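I have placed the structure first, in the form of structure tokens, so that the comments after it can refer back to it.
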Amino acid sequence: MRIQSLLWSVMMLMVPVVAVAAGPMKISMLPAYAPELINKKVNALANYLNQKTGIGFEAELYADFSQYEKRLKAGAVAVGYQSPAVFVNVSDTHVPIAMAVGKKGQDKRRGIIITMKNSGIRTLEDLKGKNISIAGFYASYGYLSQKITLKAAGIDVEKDMNLTEAVDNKGENVILAVYTGEADAGFIHETALKETEKYVPVSSIQVLATCAWLPNWALSVNRELPDKIKKEIQAALLEIPTNDPVLDILEIKGFRYATDEDYAVVKEASGLAAAP
């Protein structure tokens, strides 16, 4: 009996060690922007959480989406900040505790479908059989938003059109593919046109459709972290003062409370929702 009690005590002591490895916990962000910008954002977030919680975080950067996802799935990252589509892909190991709120107070974002004005494409039905450039099959606002809208119109994007992922999964490369005629239409985030207008004469491009709203980026933590630590991180995020420099660096207004349910629509669109 004494041996069993001893074994139980040892096991209980080992539980938090699995979730919180020795040394600083890793915090990272989906590498969806230029490396120097990602580095600035992740370090600002790590420094803020270190000051507010005293837990001890260390920024860790990854070269691409695949590497980022693998590290979160492996449990190597305690805190992650990523797009909805990438979050649902790692949701077995991570749980959302906060959602980004944009500068204008919006907690949702959406995609658009673009074509050239002289393409002859005027309706969603006209997209059938066409070559479509997308930001990526795990792009929230450069694929899933459009997929949901087209599904509602009775169009199956995977069967009714020819899809090609853009180089480096970048929205600007989707626009270039449409502009050069490599693609008949493109799926991009609704802000991408404005961000690209200094490189491409966007006046020659038409917005064929504005698509479904999806939740904003998820700030998630490893599901194995002790509840006390999860709550401390969440409280620190939800209480960021509006004038704190970290918000300017992250280019958001703040964070709001979030749960798995907030991302259910993304999971369903990704085909990852559990069967009823």
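Note that the structure is predicted; figures quoted are calculated from it, not measured.
Inter-residue side-chain proximity for Leu61 and Asn39 is flagged as met; some heavy-atom pair is nearer than 4.5 Å. A heavy-atom distance below 4.5 Å is not found between the side chains of Leu72 and Glu69. Using a 4.5 Å heavy-atom cutoff, the side chains of Ser140 and Trp217 are not in contact. You'll find the side chain of Leu163 reaches within 4.5 Å of the side chain of Met161, heavy atoms only. The closest side-chain heavy-atom distance from Phe137 to Glu165 is below 4.5 Å. Side-chain contact between Glu60 and Arg71: present, with at least one pair of heavy atoms (C-beta onward) separated by less than 4.5 Å. In this structure the side chain of Ile155 never reaches within 4.5 angstrom of the side chain of Thr149, judged on heavy atoms.
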Check your understanding: Could you walk me through whether Tyr263 and Glu261 pass the side-chain hydrogen bond (donor to acceptor under 3.5 Å, both in side chains) check?
Key -> CA-CA 5 Å; Tyr263 295 93; Glu261 186 59 30; over 6 Å; no
Point to revise | Lys103/Asp248 under salt bridge (Lys or Arg N to Asp or Glu O under 4.0 Å): CA gap, chis, key distance, verdict | key: CA-CA 9 Å; Lys103 287 285 191 180; Asp248 286 332; 3.0 Å; yes
Exercise for review: Check the pair Thr93 / Glu224 against side-chain contact (heavy atoms from CB on, under 4.5 Å), numbers first and verdict last.
Suggested key: CA-CA 8 Å; Thr93 56; Glu224 297 300 319; over 6 Å; no
Point to revise | Step-by-step side-chain hydrogen bond (donor to acceptor under 3.5 Å, both in side chains) determination, Ser91 to Lys267 | key: CA-CA 9 Å; Ser91 58; Lys267 182 168 285 191; 3.3 Å; yes
**Study point:** Trace of the salt bridge (Lys or Arg N to Asp or Glu O under 4.0 Å) decision for Asp107 with Lys253
**Key:** CA-CA 10 Å; Asp107 61 1; Lys253 185 178 181 180; over 6 Å; no
**Study point:** Evaluation steps, side-chain hydrogen bond (donor to acceptor under 3.5 Å, both in side chains), between Gln82 and Ser220
**Key:** CA-CA 8 Å; Gln82 58 277 310; Ser220 65; 3.0 Å; yes
Review point. Given Met25 and Leu225, is the side-chain contact (heavy atoms from CB on, under 4.5 Å) satisfied, shown in steps?
Key: CA-CA 10 Å; Met25 289 194 289; Leu225 285 179; 3.7 Å; yes
Point to revise | Derivation of the side-chain contact (heavy atoms from CB on, under 4.5 Å) call for Asn89 and Tyr138 | key: CA-CA 9 Å; Asn89 209 35; Tyr138 289 108; 3.9 Å; yes
**Study point:** Evaluation steps, side-chain hydrogen bond (donor to acceptor under 3.5 Å, both in side chains), between Asn47 and Asn43
**Key:** CA-CA 6 Å; Asn47 291 337; Asn43 275 287; 5.3 Å; no
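Under a cutoff of 6.0 Å and an axis angle of 45°, Lys41 and Tyr33 form a cation-pi pair.
Pairing each heavy atom of Ile134 with each of Gly142, the nearest pair is CB-O, 3.7 Å. The two residues Asn222 and Gly75 make their nearest non-hydrogen contact at ND2-CA, 3.4 Å. Here the closest heavy-atom approach between residue Leu237 and residue Ile240 is recorded as O-CG1, 3.2 Å. Heavy-atom minimum distance, Leu238 versus Phe255: CD2-O, 3.8 Å. Across all their heavy atoms, Tyr62 and Val77 have their closest contact at OH-CG2, 3.4 Å. Of all the heavy atoms in Gly154 and Asp160, the pair that sits closest is O-OD2, 4.4 Å.
When the shell of 6.0 Å around NZ of Lys117 is examined, it contains more than 12 heavy atoms from other residues, nucleotides or ligands. Within a 6.0 Å radius of NZ in Lys52, no more than 12 heavy atoms belonging to other residues, nucleotides or ligands are found. The number of heavy atoms from other shown groups lying within 6.0 Å of CD (Glu182) does not exceed 12.
With hydrogens and angles ignored, the 3.5 Å screen pairs no side-chain donor or acceptor of Asp244 with any backbone N or O of Leu247. A donor-acceptor pair under 3.5 Å is absent between the side-chain atoms of Glu172 and the main chain of Lys170, judged by distance alone.
Classified by interplanar angle (parallel below 30°, tilted 30° to 60°, perpendicular above 60°), the ring pair Phe187/Tyr143 is parallel.
A salt bridge links Glu158 with Lys147; the closest basic N to acidic carboxylate O contact falls under 4.0 Å. Ion pair Asp260/Arg223 flagged as a salt bridge, since at least one NZ, NE, NH1 or NH2 atom sits closer than 4.0 Å to an Asp/Glu carboxylate oxygen. In this structure, Glu36 does not pair ionically with Lys40, as no charged nitrogen and carboxylate oxygen lie closer than 4.0 Å.
Apart from Tyr179 itself, the hydrophobic cluster it occupies contains Ile112, Ile114, Met116, Val174, Ile175, Leu176, Val178, Ile188, Leu193, Tyr199, Val200, Val202, Ile205, Val207, where clustering links Ile, Leu, Val, Met, Phe, Trp and Tyr at side-chain heavy-atom distances under 4.5 Å.
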Show me the donor-acceptor pairs, under 3.5 Å and distance only, between side chains in residues 124-131 and residues at least two apart or in other chains.
unit_1 : atom_1 : unit_2 : atom_2 : d
Glu125 : OE2    : Lys128 : NZ     : 2.8
Asp126 : OD1    : Thr123 : OG1    : 3.4
Asp126 : OD2    : Arg122 : N      : 2.9
Asp126 : OD2    : Thr123 : N      : 3.0
Asp126 : OD2    : Thr123 : OG1    : 3.3
Lys130 : NZ     : Asp126 : O      : 3.1
Asn131 : OD1    : Asn162 : ND2    : 3.2

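In this structure, the separation between CD1 on Ile121 and CD on Gln206 is 8.0 Å, given to the nearest 0.5 Å.
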